[in-house]
Participant: 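Let me begin by handing over the structure; questions about it come next.
Here, residue 1 is the first one in the sequence, and each next residue gets the next number. Whatever order the structure lists ligands and atoms in, that order sets their numbers, starting from 1.
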Amino acid sequence: MLSLRQAALALGLCSVLSQTWAIVLERPILEDFNTSLINSVAVLNCYLPSPPENETIQYELFKGTKSLGEYSAQHGEKGVFNLWVKDLSYDGNISCKASVQNNTDVKATESDTQSFRVIVPVEGAELRSNPSSGEVFEGRGLSLNCTLKQGTYVSYEWFLNGDSLNQSTELLVVQYVTLQDAGNYSCEARNEAYDPDEEMTMIYSTSSHRLVKVKAPVSKPNISFTVQREGDDYWAIVTCQSGRGTPPVTFSFHNQTLADLVSNETASLQATVRIPIILGQNMGEVQCKATNGGDLAVSDAMTLEVVPVGGVAKVRLEYEMGSYGKVLLHCDLERGTFPEIHWFLNGTELDSRGQFHKIQEQALKLTSITPSSTGFYHCEARDSFGTEKRIISEKKIIDRTVLDRVSVLAFAIVLSCLLFLMVLVTACCLYGAIHRRRLTPAKPRPIVLTEVVSMEDEDEEPEATEYMEDVELVEAAKIEDKDTSLTGEEGSVDEWPEIEKALQVNFMDEEPI
Ligand SMILES: *[C@@H]1O[C@H](CO)[C@@H](O)[C@H](O)[C@H]1NC(C)=O
Ligand SMILES: *[C@@H]1O[C@H](CO)[C@@H](O)[C@H](O)[C@H]1NC(C)=O
Ligand SMILES: *[C@@H]1O[C@H](CO)[C@@H](O)[C@H](O)[C@H]1NC(C)=O
Ligand SMILES: *[C@@H]1O[C@H](CO)[C@@H](O)[C@H](O)[C@H]1NC(C)=O
Ligand SMILES: *[C@@H]1O[C@H](CO)[C@@H](O)[C@H](O)[C@H]1NC(C)=O
Ligand SMILES: *[C@@H]1O[C@H](CO)[C@@H](O)[C@H](O)[C@H]1NC(C)=O
Ligand SMILES: *[C@@H]1O[C@H](CO)[C@@H](O)[C@H](O)[C@H]1NC(C)=O
Ligand SMILES: *[C@@H]1O[C@H](CO)[C@@H](O)[C@H](O)[C@H]1NC(C)=O
Ligand SMILES: *[C@@H]1O[C@H](CO)[C@@H](O)[C@H](O)[C@H]1NC(C)=O
Ligand SMILES: *[C@@H]1O[C@H](CO)[C@@H](O)[C@H](O)[C@H]1NC(C)=O
Ligand SMILES: *[C@@H]1O[C@H](CO)[C@@H](O)[C@H](O)[C@H]1NC(C)=O
């Protein structure tokens, strides 16, 4: 058939040429129309830019190979399709085909494909979080999913405490949560459809709010105890305290055999238990654990042993470096876990703070030495949980001469260091000068700087410049300088304890009582 027709064409092309044969269709144009709401009628137009006259043009709409509709257009009119978009099967690439009706001889042409979006309005936005409780520990991950009952071609917007976040996908993921990520989250889903008049319809669905709590994990707790006395019974009040962590925190206490002593949930970051104890007896180790839902934080183990004050008490002197005249008196005890120290001057108890002193924990600090602060000091130790027992120290005299001696000694050390340095420097200079003079006549030294020339002239202050120019000399001086500073420092550091010792010996000697 085909070859016959071709043969006929070849034979008498010009003479037999009819109008029908001359028709060559252009490519049709599918009008730009890209979205439609589901369950609505979409009106699509397809046309040939210059349709052939006196011919009926058959337009057909396709999605892939599936025909969506046909339209016969006469007198150059457009092909019009009223599509009842009833389901998502219309969603996808569509194209339009044009042919001359009842004339298969004219080759049909096809338009470019266009994507056609079927919009299912968003509905039922809901926020789901992982972890689902909405409680997440610092440093852990958080993901929020904006789920919908329905909706196609959806875009998302996320809000935290009402502020828009820079996130447009259905999923909001925070890899490592910080306290700043806590708050009131919501998401908004939306899609948009254009109708034939190119009017946009925007559809929204907003989720309810989801409160995300960020919890700080509980930190390693400190364990400590105090002693309480009730008649003849003694109790250890063991306190477990964490520095950080979001309450409520559950604390549990364990003794050596790791049996639970108490476990309680507290709104604060500490918990306390009372454990009966016997004075002077090792009651074993106690440990506590804290958790607020995450990992367990475990304290160090603490030995429950209360030793009452006992043995000998001694007053030890310590001088504060760099501030002459300031003295610390320590009350050194042989025994005692919970001592309470009292200080006395000439037998009168001192308040925690006075004109010339301050009591710092177990030490007494003398801030100035005046006639009213000199005299005999002693300390007394008692058990802070109230027993009758008292340990009284020897008396120690503090007077002007003691402190003067400290000051003079300290001053002497500094002075001797300075003197030593000066002697060394002078020695260096002299050595340099002599060495130089001795060498000069024998062999002229290389001249390093131009000033050396003028320096050779004895009249011009030789020492300062000479010192700089002579490479060998400068080096020698450097080495010696180093030595000086080293010995100087060491000397001053080393000598202090010696002086202290000496002084303590002195005090003891002078002690009249
Ligand atoms: C759909 O058509 C509208 C109006 O012509 C246009 O504004 C919009 O960008 C189009 N969208 C897509 C995805 O092509
Ligand atoms: C179309 O038909 C009309 C009348 O029927 C005629 O006058 C005209 O020439 C035709 N045009 C062509 C291109 O054949
Ligand atoms: C639709 O056509 C575009 C190009 O025009 C192509 O990139 C896309 O993959 C097509 N989609 C489908 C579902 O065939
Ligand atoms: C095309 O052919 C069909 C039958 O095949 C006929 O019913 C119809 O009238 C024809 N149309 C024209 C425009 O000739
Ligand atoms: C979000 O939730 C939907 C519905 O439960 C689920 O199908 C989807 O897989 C989830 N997305 C992610 C990224 O988990
Ligand atoms: C939003 O995120 C994009 C990339 O994720 C980034 O380029 C842009 O700067 C961000 N804008 C703001 C306001 O954070
Ligand atoms: C979250 O925010 C919404 C609106 O901004 C408010 O109505 C709601 O009470 C907030 N929820 C909490 C727990 O703060
Ligand atoms: C725990 O003890 C350490 C050292 O004793 C101290 O620095 C820290 O402040 C204590 N923390 C708490 C919460 O008591
Ligand atoms: C836990 O502590 C509360 C008060 O903080 C107290 O009333 C309760 O009895 C305690 N529970 C246990 C098991 O100790
Ligand atoms: C440890 O606890 C158990 C049970 O509470 C108790 O029987 C035991 O005496 C305790 N051990 C010590 C050393 O306190
Ligand atoms: C303490 O007693 C000594 C010796 O009796 C005396 O020299 C000193 O002034 C007294 N100090 C005070 C503050 O009374």
Side-chain angles (χ1 to χ4, degrees), residues 88 91 120-136 140-160 165-177 181 185-191 203-212 315 317 325-329 331 341-359 363-380 392-406 503 506-513:
L88 283 172
D91 187 89
V120 177
V122 289
E123 197 190 305
E126 216 179 289
L127 214 166
R128 293 191 191 159
S129 69
N130 181 15
S132 56
S133 62
E135 284 192 353
V136 59
R140 302 270 178 87
L142 167 72
S143 71
L144 299 168
N145 187 350
C146 193
T147 65
L148 292 171
K149 266 207 196 97
Q150 58 170 42
T152 57
Y153 299 102
V154 185
S155 60
Y156 297 86
E157 188 166 2
W158 287 87
F159 299 91
L160 171 54
L165 296 172
N166 192 13
Q167 179 73 27
S168 55
T169 56
E170 69 171 316
L171 210 63
L172 177 72
V173 178
V174 185
Q175 208 166 359
Y176 304 107
V177 169
D181 295 317
Y185 282 86
S186 66
C187 70
E188 182 183 273
R190 60 169 174 254
N191 52 18
I203 306 130
Y204 298 90
S205 177
T206 305
S207 76
S208 58
H209 285 83
R210 169 109 218 153
L211 205 62
V212 170
V315 175
L317 286 184
K326 280 192 188 163
V327 179
L328 273 175
L329 283 81
C331 191
I341 307 291
H342 298 259
W343 286 97
F344 297 85
L345 167 58
N346 284 358
T348 309
E349 185 166 358
L350 294 170
D351 292 333
S352 66
R353 184 182 267 270
Q355 272 183 323
F356 55 84
H357 77 277
K358 222 191 301 184
I359 291 176
L364 173 70
K365 184 179 190 172
L366 298 183
T367 48
S368 71
I369 306 295
T370 57
S372 59
S373 65
T374 53
F376 297 99
Y377 284 84
H378 82 270
C379 64
E380 265 185 45
I392 300 167
S393 78
E394 32 146 43
K395 291 194 169 65
K396 191 148 274 187
I397 185 164
I398 301 288
D399 60 17
R400 189 78 225 173
T401 57
V402 167
L403 284 139
D404 282 350
R405 223 173 301 155
V406 179
L503 281 170
N506 277 345
F507 296 147
M508 293 198 181
D509 293 344
E510 281 164 20
E511 217 163 279
I513 301 156

Participant: Any side-chain to backbone donor/acceptor pair from Ser207 onto Cys187? Under 3.5 Å, distance only.
Facilitator: yes
Participant: In ligand 11, which numbered atoms sit nearer than 4.0 Å to a non-hydrogen atom of Ser372?
Facilitator: 13 (C)
Participant: Return yes or no for this condition: an N or O of Thr147 is under 3.5 Å from an N or O of ligand 5.
Facilitator: no
Participant: Any side-chain heavy-atom pair from Val212 and Asp181 closer than 4.5 angstrom?
Facilitator: no
Participant: Do Ser155 and Glu157 have a side chain donor and acceptor closer than 3.5 Å?
Facilitator: no
Participant: Below 4.0 angstrom from a heavy atom of Leu171, which ligand 5 atoms are there? Numbered from 1 as shown, please.
Facilitator: 12 (C), 13 (C)
Participant: Evaluate the side-chain proximity of Ile392 to His378: yes if any heavy-atom separation is below 4.5 Å, no if none is.
Facilitator: yes
Participant: Check each atom of ligand 11 against the heavy atoms of Phe376 and keep those under 4.0 Å away; list them by number with element.
Facilitator: 4 (C)
Participant: Considering residues, nucleotides and ligands other than Glu349, do more than 12 of their heavy atoms fall under 6.0 Å from its CD?
Facilitator: yes
Participant: Can you check whether Thr206 reaches Phe159 side chain to side chain, under 4.5 Å on heavy atoms?
Facilitator: no
Participant: Establish whether atom 7 (O) of ligand 5 and some protein heavy atom are separated by less than 4.0 angstrom.
Facilitator: no
Participant: Is it the case that ligand 5 has an N or O less than 3.5 angstrom from some N or O of Glu170?
Facilitator: no
Participant: Where the side chain of Thr152 meets the backbone of Val120, is there a donor-acceptor pair that is under 3.5 Å apart?
Facilitator: yes
Participant: Identify, by atom number and element, the atoms of ligand 11 in contact range of Asn346, meaning under 4.0 Å from any of its heavy atoms.
Facilitator: 1 (C), 2 (O), 3 (C), 8 (C), 10 (C), 11 (N), 12 (C), 14 (O)
Participant: Thr374 heavy atoms, cut-off 4.0 Å: which ligand 11 atoms fall inside?
Facilitator: 8 (C), 10 (C), 11 (N), 12 (C), 13 (C)
Participant: When you measure from atom 5 (O) of ligand 5 to every protein heavy atom, which one gives the shortest distance, and what is it?
Facilitator: Arg128 NH1, 2.8 Å
Participant: How far is atom 3 (C) of ligand 5 from its nearest protein heavy atom, and which residue and atom is that?
Facilitator: Asn145 ND2, 3.5 Å
